[in-house]
Amino acid sequence: MEENFNTVAPSNFIRDIINEDLKTDKYNGRVHTRFPPEPNGYLHIGHAKSICLNFGIARDYNGLCNLRFDDTNPSKEEVEYVDSIEEDVRWLGFDWEDRKYYASDYFDQLYEFAIQLIREGKAYVDSSTAGETKDMRGTPTESGTESPNRNRSIEENLRLFHGMKNGEFEDGAHILRAKIDMSSPNMIMRDPVMYRIKRATHHRTGDKWCIYPMYDYAHPISDWIEGITHSICTLEFEIHRPLYDWFLSELHLENRPQQIEFARLNLSYTVMSKRKLLELVEKGQVSGWDDPRLPTISGLRRRGYTPESIRSFSEKIGVAKRDGTIDVALLEHTIREDLNKRAPRVMAVLRPLKVTITNYPEGQTEDLDAINNPEDPSMGKRVIPFSREIYIEQDDFREIPPKKFYRLYPGNEVRLRYAYIIKCNEVIKNESGDITELYCTYDPETKSGTGSARSVKGTIHWVSARHAIKAEARLYDRLFETEDPSGDKEKDFKDLINPKSLEVIDNCLIEPHLANVKPGEKFQFERQGYFCVDPLSTKSKIVFNRTVPLRDSWAKIEKKQ
Ligand code: ATP
Ligand code: MG
């Protein structure tokens, strides 16, 4: 693997199983996992957990991890999704090398195995209608009813199954079912469907097939073909495990992979199901799959998340056997932790208020030293220009200050970061009474870094009016107002969208040395938050996405725990 990961994931119940298997030499010392996305949407942070888990295990055990597209359902799958999935897995820092597979690669083999099961009396063609099949399934407390087609002869089953494959029947006319047990307390085991007829063009096999295998049948066999040892999936598949094992054992396959389930990731204030994400995208509630408010990997990337922060988040949340919801504040905390170490600090004024320093010489510019990152001296210093007219944040001035307001108000002094102490003498207003400008004076004896003895309580950021550059800042907040937008039975999740999830400020002012920023570059805007240059940002229109504000609500939560 190219990247150097300096953390080794802590142990968990999956690693315990693998350790045991290595001890007993169950797979001749091999550890082989896979990440099996269905290409019907973009990957989200929940998938990232699964990717980190599967590729992380392969990395730590000197094993292998395959990328396998689970493309058994032709109508929903698209090439765009395949491409985005590859890009996202790579971006997260993982490499499947030459092991990129598709479940559709195995359609021939799956078909042969189905014939074998029919020949051994373990599968049959059912011609009941969908409604009849449903009625015969029974309920969790009542056993199901056997289909009248259940005891068809092997010859008839073979003939019908060939006919299904050869397009002799309408969609839905027949299905192939495994012959297991209609009275099993586990409803999954009540003669599950293996194949259905579906005339749809497949993104890889085109129109070659008009029958397609079901996930429950295709998955264990795909795992076996690829030599997977540990097939890790989410908890909802726990009740499918007997079926996973049934196919492998009834086909007399050796070196069988084993399925292990873990709890899927749920995050507060967001939705994670691909169906819901697709709905948001298609209804135009967000700008696309990479909208920075979405929990998709591409959205998080555009928002300014780093692969390191997402990997570290995955490790922090660990793997559990019981479902739960993780506070999104932990994700936000993780990106702050990462960017705090490496994002250069800059000054940017989001809502500018003009200040004229009346005793500073007109036309004069002074170069001041500014530190790029107090957390990392190796990031050095830069020079920022200071002049008679500057902009400060509107919020940093109050005509009538509340208690403990240590910023600027009439008669009060404040320090300008890396510059001087200034004092507000006069407030200028327009005809409607809005404040348009402040007249201040500076104390030339108080230049930062000169060991000036005088200090004041507040320090604020600023930019020089003549030198500053205009930029757009997009301030993102959580997409949903409620903690569990999927949990509200009364309301559609789309009605719970936070109307303030995006605020666009198009006249924000930034330090001049940011004129040549590149898409993806990350900064801390001092006192405000972390910002990332949008992929569509240009030199003539610089756009910053706010990743997170500085205030960390997780620190508070952690203290309470
Ligand atoms: P969704 O419910 O969002 O449609 P899915 O499970 O259908 O997701 P797949 O493409 O089939 O999506 O998932 C690929 C892999 O990612 C599977 O192994 C699945 O278990 C895992 N995965 C999906 N969602 C999560 C999640 N929220 N947390 C952890 N793993 C997940
Ligand atoms: Mg799935």
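In this text, all values refer to a predicted model and were calculated from it rather than measured experimentally. Atoms within a ligand are numbered from 1 in the order they appear, just like the ligands themselves.
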So that I know where these two stand, are His219 and Tyr215 an aromatic pair - ring centroids less than 6.0 Å apart?
yes
Minimum distance, heavy atoms only, to atom 16 (O) of ligand 1: which one of Arg275, His47, Glu236, Arg264 is it?
His47
Ring centres of His202 and Phe107 under 6.0 Å apart?
yes
Between Pro37 and ligand 1, is there a nitrogen or oxygen pair with a distance under 3.5 Å?
no
Examine Lys165 relative to Tyr111 and say whether NZ or CZ is less than 6.0 Å from the centre of the six-membered ring and inside a 45° cone about the ring axis.
yes
Ligand-residue contact atoms, ligand 1 with Pro36, heavy atoms, under 4.0 Å:
14 (C), 18 (O)
May I ask you to establish whether Lys100 and Phe69 are in a cation-pi arrangement, using a distance under 6.0 Å from NZ or CZ to the six-membered ring centre and at most 45° from the ring axis?
no
CZ/Arg119 to CD/Gln116 distance, rounded to the nearest 0.5 angstrom?
9.0 Å
Are any of the N/O atoms in Lys274 less than 3.5 Å from those in ligand 1?
yes
Supply the atom-to-atom distance Asp71 CG to Arg68 CZ, rounded to the nearest 0.5 angstrom.
10.5 Å
Check: Tyr476 ring centre within less than 6.0 Å of Phe531 ring centre
no
If you measure from each non-hydrogen atom of His44 to ligand 1, which part falls under 4.0 Å: side chain, backbone, both or neither?
side chain
For ligand 1, which atoms sit closer than 4.0 Å to a heavy atom of Met272?
3 (O)
Without swapping roles, check the side chain of Arg264 against the backbone of Leu235 for a donor-acceptor pair under 3.5 Å.
no
For Phe262, the ligand 1 atoms whose distance to one of its heavy atoms is below 4.0 Å
29 (C), 30 (N)
Looking at Val271, Leu277, Leu265, the heavy atom closest to atom 28 (N) of ligand 1 belongs to Leu265
Note: ligand 1 atoms sitting under 4.0 Å from heavy atoms of Ser273 are 3 (O)
Near Thr234, which atoms of ligand 1 are under 4.0 Å from a heavy atom of that residue?
20 (O), 29 (C), 30 (N), 31 (C)
Below a 4.0 angstrom heavy-atom separation, can you tell me which part of Phe237, side chain or backbone, both or neither, approaches ligand 1?
neither
